[in-house]
Every structure is written in structure tokens, then in C-alpha cells.
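Read through the structure below, which is laid out as C-alpha cells, and then see the notes.
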Number of protein chains: 2
Amino acid sequence: MKGIRQLAEHLAISIGTVSRALNGRPDVNEETRRRVLAAAEALGYVANQSGRSLRQGETKVIGLMIESSAEAVENADNFFLGVTSGLQSVFARHKLDLVMLPCPSDEDPHEYLKRMVARRIVDAMIISNTQRIDRRIDLLSRAKIPFVTVGRSLSANTFPWIDLDFEGVADRAVERLAAQGHRRIAITAPSSEVNLGYVFVESYRRALERHGIAFDPSLVIRVKSSEQGGYQAAHELLMLEDRPTAVILIYELMAIGLYRRLMESGVMPGRDLAVIGFRDAPRARFLQPSLSCFRMSLYDLGVALGQMLLARMPAYREFYSDAGGNMIWPLELVAGESDAFQLTEA
Amino acid sequence: MKGIRQLAEHLAISIGTVSRALNGRPDVNEETRRRVLAAAEALGYVANQSGRSLRQGETKVIGLMIESSAEAVENADNFFLGVTSGLQSVFARHKLDLVMLPCPSDEDPHEYLKRMVARRIVDAMIISNTQRIDRRIDLLSRAKIPFVTVGRSLSANTFPWIDLDFEGVADRAVERLAAQGHRRIAITAPSSEVNLGYVFVESYRRALERHGIAFDPSLVIRVKSSEQGGYQAAHELLMLEDRPTAVILIYELMAIGLYRRLMESGVMPGRDLAVIGFRDAPRARFLQPSLSCFRMSLYDLGVALGQMLLARMPAYREFYSDAGGNMIWPLELVAGESDAFQLTEA
DNA sequence: CCTACAGTCGTAAACGTTTACGGAGTGCGT
DNA sequence: ACGCACTCCGTAAACGTTTACGACTGTAGG
């Protein structure tokens, strides 16, 4: 089966009618449509996407840009694979397909995205790992490609994003720990250059003040959000003269390294140090003692992202008028053993 | 910047010449080519992929089909993200782009692939998770889409694949354990219905015989190749009346669950039970005691897959004439503490 | 001076679709 | 008998490229 022309010849009707029949246009006899659909099925005809895209100016493909850096592989955080399911459940309703675009680690993400956009390989994009200033946002805005980011950015004052509720997590974590008697609560965060590094710590600071606990800069551990970073963080914690009794991790995965370093020094999480994690990372789900952690449904997040994106696309906007411009994604505390002890006043 | 026509008008030369200049054709004045390239750069022109694909009948995109099932997310095994880097390093040389095609968990992989192939969204495919009989192989063969699989299959007698050296691993693992005095060596494997489940156990059986150890069917633990499966396997091992002193895991990740179950019963890996794993899964890399494991470079595997695939594509064949038809991928033993003890004869 | 040829470039056809437009046929009301 | 509306379908033009072909130079060789 070559193309629509062969199908039309086979049916002895015009190519235009075949196209209309296949695309569900109203101006075609139902009997004719039935015959066309049957023949297409029988001959295994599916419209060539290139021809269709060229004519319509759209590809019916949505791109999800991800990083394939060594670090990403090492972290083995299937965040985006999890989100994918939710996205697809939304896209499938509109016959849209999803492709993941892995940016090579040796290529500038901005250049990579530019190439993808220019080649018109996708109609819309979901990008992640947004930086505090991220040129990709300007790029997509200027190119008028509908997009959604996961993570805020300061690059443009208005664009659609969904971000995790870092503030709420810092806040609730402090609240919970303070209620259990902790007064020296450490926190991990990336550099304050990164938007998140700033926001997370500020929320933590405010929560401390609300409980009448003085903010101690030495309890803010600036490390990478990885397993290695967790190890490093534990190391720094153990070096402190007035050792904290609790620590809040900005990334669940860090708990693995943290546990390891603690145990090397005979410090037992959940007994000698309270630990609370954040963000869903299956790798860390079976730690011993189990990690108290703020988690979320990756599937639901994918659904929300998908709806928000389609709401920005003229062709689908009508179905998703209620999808807002942006969103703070709430997380749920899954209580574990890692912070399950009352601190007796020393 | 709309299209090549505007670019041509701007330069006051014909559209054909612009195209030739951009595509590196020889029949264009070097001075002209310079001007065209400069103008394209300045105006940010990049050829529309749909138009190009339509004309040339190829998309310059290679697809890597992956599964986005809940199980895959749960396993958090970034096998394919790791392979991606190697693939891209090969494809980049030919200006080919790689997209990952996540098959929705609620869709039949065969149907999904059929759709992708019919829509001509990619020129070639890499598929994985090949089943013992896998209709996707027939589909791709019939559609004349170049492809490579990771994992063997019985579906066609000849097609290009790369598979991990399961036989060699089973063999060497037994060898190593036997040398350390073990005589009761258990092994985990998927159902013998699965090709791998059969092959792995057969190699194990042959290795046992070579060392004069009788094959005991009760030591073959049929479980899923996941963390859960590891837990289950440990459970079954502990139930055996004549408990084995060593176990070979078909999947590194299982070690996490296995360790957990063992420790629950006070059985210490690396002291009470020797454990050897297999296949690279970053999640399991930091177990305590460290896991002895057969590992490989995902990057190198990606390179090999990429070359093998291009060797099947007429346009690139010439560069990769040496890439063979298929390949057993070797693994390297990374010795850890989990099997580092000599068994004293009881 | 004619021919051959290499170096450049323009012209136009093709790739496979979708869709605006209009035409043929039918039914109906006047 | 005529006009009109409606249903269905065919025609042909676009979408943005690439590329076969031929045309036009200028140069060299006869």
C-alpha cells in the first residue's frame, strides 16, 4: 500500500473523498465512509505523516525533552517515565503521540531544543530542569510553540508551568519535626544561585521562626541533589560541633547516600537523627529504616501537565478551558520510621 | 523566517541553488554557498522537516521504543537512558536524531509499533524487551524498516540483535563460586517459557556438571526480575531444608529485595550467603555489603547498537560494513564483598 | 571560429496529504 | 417549469522541500 491515491483507485472514487472519509468530515455519505474505512483497514493504509504535516502545518506529535546526562543515568530517577503515562492518557484522546527527546549530554540544551523546534518535528513541548534564567523559554515563546515547563523560572513573567510545592514541604517538614521536639533542624539545598535553593531555604527559615527557633546558617547544607550529595551532606552534618537532631532532604534519593554515611559512623537514622525526604524516587523507597517522605503521583502530574499544554494549543483549547496558567503541585506525607521518635529534652 | 523561498528572495537567487548550497552539493559556487549559509544563520532558517521528509522519503529520525509500564517506572532501571548516549554519539555523525517512543502500558506494543511505523515518523527502530515470539520483528521485516533488537527472539531466523552474555555469566558465576568451595549454588531466573529463563538455567546446569556438582531443580528459583522478585527469592531460599550457600541473581536489582529479606532473618550476605548479580542497575550499586556483579558499559552498548543499525540502512551502510549481524555482549565482573568469603567445608 | 566541457544556476516536477471551491444530482416548494 | 437548498463528490491548488534537467556562461583546444 503506497498512498491515498492507490486506495482511491482501488475504491474507484476520488482521492479527496477518501481523505474526507478517513478524517471524519461530515460531507461524505455514510455508506461511502464505511467502504473507505473497510478498505483502509484491509489494505493496511495509514496516512503518511510527512505529507499530512506538510499540508496541515502540524505533526500531531508532542515532545518531552529530557536530559540523558551521565548524572541522570546515575540517579536512575524515573521521574519522566512516570509522568509519561499520565501525559499519554491525555494525549491519546486527541490522537496525539508523545516522543521523548533526550538532549545529549555534550550538547547545549538550548541548541538542541532550537534544532528540534526549527525542524518542526513536534507541535508542542514539555521541558523540565528549568534554570533560573532559561533561554529555552524565550526561544519557545518567540517561536510560538506551545509549551509547559515543570519547574519555575524567572526568564519570562508569564508562561505556563507546574512546580512542586517546595515551600509547602519545607514548611510542613519543619512543623512536623518541631512538634516532635526538634530544635536543631538541618536542611539540604542546592546553591542559592538556583531559584529553588533560595526558595526552599526561605520557607524553612520562615517556618522556623514561626516556631520560635533561631535560624542557624551552618545548618543549611549546600550539596548536589544526588545520592553522592546525600553522602556529602551526612559527612558535613557529622562534623558540626553542635550536631542537629533532624535533617530535611530536598531530594529523596539523597537519603541513600546519607544513610550510608551515617551508618558508617554508627549514627542510626530514625533513632539518632530524624530524616525527612521529598519527591518521589522509587530507588529510595525501600530504605531501612523506611524514609518519611513527601510524595506525589507521577501519573497525576502527567495528566495535569498534558491538560495544561493542550489548553495552550488552539486546536484543543476548548476541551481544557479550565486548566490554569500554572500550578503548585501538592505533595503528601508518607510517614515512615526515619523520623518516628520523640526527642526527649536533653 | 518562513521557508526556503523567503531565504532565496532575500538573497536574490533561486530556491534551488539555496537548497543545494545548504545541502553541500558540489555544483554551487563556494562564494554563493558562503553567502547562503551566512544568511541562513542570520535569519535563523532551518529546513522544515515535513517538506524534506516528504520529498526524500526519509525522516532522519531513529526511534528507540521503550516501555513506560508501571513496572518499568518502579524498577527505575535507566538502562535505556544509558544506552541513549552511545546511540546519539553514533547518530550525531550523520545528523540523525534519536527519539524515545514510550509504549503506553495500556496499549499492545505490537499495535503501538505498527502505528509508529505506518505514520513513517522514524526511518529505523531499536526495539527491546523482545519476547520469545515477537510479532514486532515480523512487522518491521515486512515493512522493510531497518531495525535492531536488544535481546534475541525465535520469531525470525535472521535479524540483527545484540544480547547480553547470559550464558557466559551463568557459567563464570558458577565457576567462581565453585572455586570458593560452594557446592549448593542457587540461581534465579524467569519462567522457562521465556527464552532467557531456559538459556540461563541450561548454562548454569552445564557449568555445575563441569565441576562435578549435581543439578538440583529445587535450587532454581523462578521469580520476577525485580526488587520484589529478589525479596521473594530470598524468602524461598530461606525455606529450603538444605539451604544453599550461594545464589546467582539474573538481575542486579533483585539484590536489593534479597538483601532486605535476608537481613530480616539475620542472614548476612557475604558471610552467610554468597551473592552474585548481573547487569548494570545503578540502583543496586551502593548496597552494603557491596554486590559482586557482572557489569557492562551502557554507552558502549549504545554505540554498538547504533553502528549495527546504520549498517542495515542503505544510506549509511558503507561506513559500517564491519558491524556484524548480531552480537553477544560481554560483561565484566566487578568483585564486591557479597561473595568474598571462602567456604570452609562443613 | 567552432566545439567541447566544466562550472553555475534557474526551472519545474515531484513527494502525499488536506481542503476550498464548485458541480452534479436530488428533492421540494412555489 | 423554475428556483433553491441540500447532499455528496471530484478537481486542483497548496504545504516546503529536493533534484533531474537544461540553459547559460566562460575557457580551452582544435
Side-chain angles (χ1 to χ4, degrees), chain A residues 1-37 39-40 43-61 95 115 117-123 143 314-315, chain B residues 1-37 39-40 43-61 95 97 115 117-123 143 315:
Chain A
M1 175 50 45
K2 298 289 285 305
I4 200 175
R5 205 174 315 266
Q6 280 70 23
L7 184 56
E9 281 176 15
H10 178 259
L11 285 163
I13 59 180
S14 88
I15 160 181
T17 303
V18 172
S19 177
R20 281 191 296 267
L22 291 173
N23 292 20
R25 291 292 154 117
D27 54 347
V28 48
N29 188 306
E30 277 310 319
E31 165 63 13
T32 310
R33 186 193 309 280
R34 212 188 40 69
R35 283 181 51 227
V36 171
L37 289 177
L43 298 175
Y45 168 80
V46 179
N48 176 308
Q49 187 59 36
S50 299
R52 178 190 285 233
S53 298
L54 181 58
R55 170 64 217 233
Q56 307 197 122
E58 56 180 15
T59 65
K60 303 281 186 190
V61 176
K95 295 190 182 303
R115 218 174 68 225
V117 164
R119 286 181 59 175
R120 307 266 152 62
I121 229 171
V122 298
D123 290 340
Chain B
M1 176 50 45
K2 299 289 287 304
I4 200 175
R5 204 174 316 266
Q6 280 68 24
L7 184 56
E9 280 176 16
H10 177 261
L11 285 164
I13 58 181
S14 88
I15 162 181
T17 303
V18 173
S19 176
R20 279 191 296 267
L22 291 173
N23 292 19
R25 290 293 155 117
D27 54 347
V28 47
N29 188 307
E30 275 310 318
E31 164 63 14
T32 311
R33 186 195 307 281
R34 212 188 40 68
R35 284 181 51 226
V36 171
L37 289 177
L43 297 174
Y45 168 79
V46 180
N48 177 306
Q49 187 60 35
S50 298
R52 177 188 285 230
S53 298
L54 181 57
R55 170 62 216 233
Q56 306 197 123
E58 57 181 14
T59 65
K60 302 282 185 189
V61 176
K95 294 189 181 305
D97 277 311
R115 220 174 66 225
V117 164
R119 286 181 59 175
R120 306 265 151 63
I121 230 172
V122 297
D123 290 340

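Since this is a predicted model, take the numbers as computed values, not measurements. Side chains are part of it too, since the values below use all heavy atoms of this structure and drop only hydrogens, waters and symmetry mates.
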Return whichever of Arg20(B) or Leu54(B) has its heavy-atom-nearest nucleotide of DNA chain D closer to the 5' end.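 So the residue in question is Leu54(B).
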
[N], OP1 or OP2 - any side-chain N/O from [X] closer than 4.0 Å?
{"X": "Ser19(B)", "N": "dT18(D)", "answer": "yes"}
{"X": "Arg52(A)", "N": "dG16(C)", "answer": "no"}
{"X": "Gln56(A)", "N": "dT19(C)", "answer": "yes"}
{"X": "Thr32(B)", "N": "dT8(C)", "answer": "no"}
{"X": "Ser53(B)", "N": "dC15(C)", "answer": "no"}
{"X": "Ser14(A)", "N": "dC9(D)", "answer": "no"}
{"X": "Asn29(A)", "N": "dC8(D)", "answer": "yes"}
{"X": "Tyr45(A)", "N": "dT17(C)", "answer": "yes"}
{"X": "Asn23(B)", "N": "dT18(D)", "answer": "yes"}

Salt bridge check: are Glu31(B) and Arg33(B) linked by an N-O gap of less than 4.0 Å?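 A salt bridge is absent here (no side-chain N lies under 4.0 Å from a carboxylate O).
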
Could you check how far [atom1] of [X] sits from [atom2] of [N], rounded to whole Å?
{"X": "Glu30(A)", "N": "dC8(D)", "atom1": "CD", "atom2": "P", "value": "8 Å"}
{"X": "Arg34(A)", "N": "dC8(D)", "atom1": "CZ", "atom2": "C1'", "value": "17 Å"}
{"X": "Arg25(A)", "N": "dA20(C)", "atom1": "CZ", "atom2": "P", "value": "7 Å"}

Thr17(B) side-chain proximity, nearest of dC8(D), dT18(D), dC9(C):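 Comparing dC8(D), dT18(D), dC9(C) against the side chain of Thr17(B), the answer is dC9(C).
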
Does Arg120(B) get its side chain close enough to the base of dG16(C), under 3.5 Å, for a donor-acceptor pair?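 A donor-acceptor contact between them is absent.
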
For the base of dT18(C), is there a side-chain donor-acceptor partner from Arg55(A) under 3.5 Å away?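 Yes, the side chain and the base share a sub-3.5 Å donor-acceptor pair.
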
Looking only at side-chain N and O atoms, does Ser14(B) offer a donor or acceptor that is under 3.5 Å from a partner on Thr17(B)?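 Present: a donor and an acceptor within the cut-off.
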
